[in-house]
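Notes for the one structure printed next.
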Amino acid sequence: MANSDNPKRGKVFQQKVLALACKEFKKNFIEEKAVMIGKPEKEHRFDCVSSDSSIIIECKCYSWTKGNNVPSAKMSTLNEAVLYLRNSETSALKIIALKKDFSTKKNETLAQYYLRTYGHLLADIQIWEVDEDDHFYKLV
């Protein structure tokens with residue numbers, strides 16, 4: 001697939017996560033909902049936010065590179081999402097939803113790699129995976 005397909009794939013993944021989150025948490029979710037973050041406060045739109053703002057989800061439909069190497073630029077963008085989530089409402093459940101993508105070279109999913117390598121940055125942010133069968137689950 002061409003890189004030009006990435007925004008469309010990302011949007012489809014975001015809508016899938018929204019539907020799965022509604023089912024998992026038994027709440028209504030809103031796409032692209034603005035939440036105040038930081039000090040001084042500024043609006044930031046998150047991918048999926050429960051209507052009561054108690055759950056905030058950022059969605060990333062990322063894959064390993066063609067050679068099963070780490071997608072370094074995507075890891076930087078993921079760290080940026082962590083920064084925004086860490087500066088959002090402190091009492092909200094904060095989730096990064098990642099597409100499950102397994103690397104035989106690394107013998108782990110991209111989400112597992114991220115947790116192992118960058119888990120120290122997460123604080124109260126949870127990493128959840130979405131597999132090809134539409135299972136939505138938290139990684140430990």
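In this text the structure is predicted, and so the values were computed from the model without any measurement. Position 1 is the first residue of the sequence, and the numbers go up from there.
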>> Count I, L, V, M, F, W, Y as connected when their side-chain heavy atoms are under 4.5 Å apart, and connections chain through other members. Are Phe102 and Val70 then in the same cluster?
In response: no

> Should Ile95 and Phe25 be marked as a side chain to side chain contact (heavy atoms under 4.5 Å, CB included) after you check the CA-CA gap, both sets of side-chain angles, and the distance that decides it?
Replying inline: CA-CA 12 Å; Ile95 296 172; Phe25 297 107; 3.7 Å; yes

>> Do Val35 and Leu18 land in one hydrophobic cluster if side-chain heavy atoms of ILVMFWY residues count as linked below 4.5 Å?
In response: no

> Can you list the steps and then say if Arg86 with Ile125 is a side chain to side chain contact (heavy atoms under 4.5 Å, CB included)?
Replying inline: CA-CA 7 Å; Arg86 285 191 64 175; Ile125 300 166; 3.4 Å; yes

> With a 4.5 Å limit on heavy-atom distance, are the side chains of Tyr84 and Glu58 in contact?
Replying inline: no

> salt bridge (charged side-chain N to carboxylate O under 4.0 Å, His left out): which pairs involve residues 35-57, sequence neighbours left out?
Replying inline: Lys27-Asp52

> Linking I/L/V/M/F/W/Y whenever any side-chain heavy atoms sit under 4.5 Å apart, do Leu93 and Ile127 land together?
Replying inline: no

> For Glu31, which residues count as a salt bridge (charged side-chain N to carboxylate O under 4.0 Å, His left out) partner, sequence neighbours excluded?
Replying inline: Lys11

> Just how far is it from atom NE2 of His44 to atom CD1 of Ile56, taken to the nearest 0.5 Å?
Replying inline: 9.5 Å

>> Using side-chain heavy atoms (C-beta onward) and a distance below 4.5 Å, is Cys48 in contact with Cys59?
In response: yes

> Can you list the residues that meet the salt bridge (charged side-chain N to carboxylate O under 4.0 Å, His left out) rule with Lys74, with sequence neighbours excluded?
Replying inline: none

> How close do Ala97 and Phe136 get, heavy atom to heavy atom, and via which atoms?
Replying inline: CB-CE1, 4.0 Å

> Just wondering, do Trp64 and Asn69 contact through their side chains at under 4.5 Å, heavy atoms?
Replying inline: no

>> Using the ring centroid of each side chain, check whether Trp128 and Tyr137 are separated by less than 6.0 Å.
In response: no

>> Under a 3.5 Å distance rule, please check whether Asp131 uses its side chain to pair with a backbone N or O of Asp133 as donor and acceptor.
In response: yes

> Taking the side chain from Asn87 and the backbone from Leu83, do they hold a donor-acceptor pair closer than 3.5 Å?
Replying inline: yes

> Does Val130 belong to the same Ile/Leu/Val/Met/Phe/Trp/Tyr cluster as Phe29, with side-chain heavy atoms less than 4.5 Å apart forming each link?
Replying inline: yes

>> Tell me every residue that passes side chain to side chain contact (heavy atoms under 4.5 Å, CB included) with Lys99, counting only those two or more places apart in sequence or in another chain.
In response: Phe13, Cys61, Ser63, Asp101

Identify every side-chain donor-acceptor pair in residues 109-116 under 3.5 Å, counting partners at least two apart or on other chains, and give the distances.
from, atom 1, to, atom 2, distance (Å)
Thr109, OG1, Gln112, N, 3.1
Thr109, OG1, Gln112, OE1, 3.4
Thr109, OG1, Glu129, OE2, 2.6
Gln112, OE1, Thr109, N, 2.7
Tyr114, OH, Asn79, OD1, 2.5
Arg116, NE, Glu108, OE1, 3.3
Arg116, NE, Glu108, OE2, 3.4
Arg116, NH2, Glu108, OE2, 2.6

>> side chain to side chain contact (heavy atoms under 4.5 Å, CB included), that's the test. Do Ile57 and Val49 meet it? Break it down for me.
In response: CA-CA 6 Å; Ile57 304 174; Val49 180; over 6 Å; no

>> If hydrophobic clusters are built from ILVMFWY residues whose side chains come within less than 4.5 Å, do Leu20 and Leu139 share one?
In response: no

> Is it true that the side chains of Lys33 and Ser53 contain a donor and an acceptor less than 3.5 Å apart?
Replying inline: yes

>> Under a 3.5 Å distance rule, please check whether Ser50 uses its side chain to pair with a backbone N or O of Ile55 as donor and acceptor.
In response: yes

> What heavy-atom pair brings Leu78 and Lys60 nearest, and what distance separates the two atoms?
Replying inline: CD1-CG, 3.7 Å

>> Run the salt bridge (charged side-chain N to carboxylate O under 4.0 Å, His left out) test against Asp134 and tell me which residues pass, sequence neighbours left out.
In response: Lys16

> Which is it for Gln14 and Glu32 under the side chain to side chain contact (heavy atoms under 4.5 Å, CB included) test, yes or no, and what are the steps along the way?
Replying inline: CA-CA 10 Å; Gln14 180 179 325; Glu32 305 292 332; 3.0 Å; yes

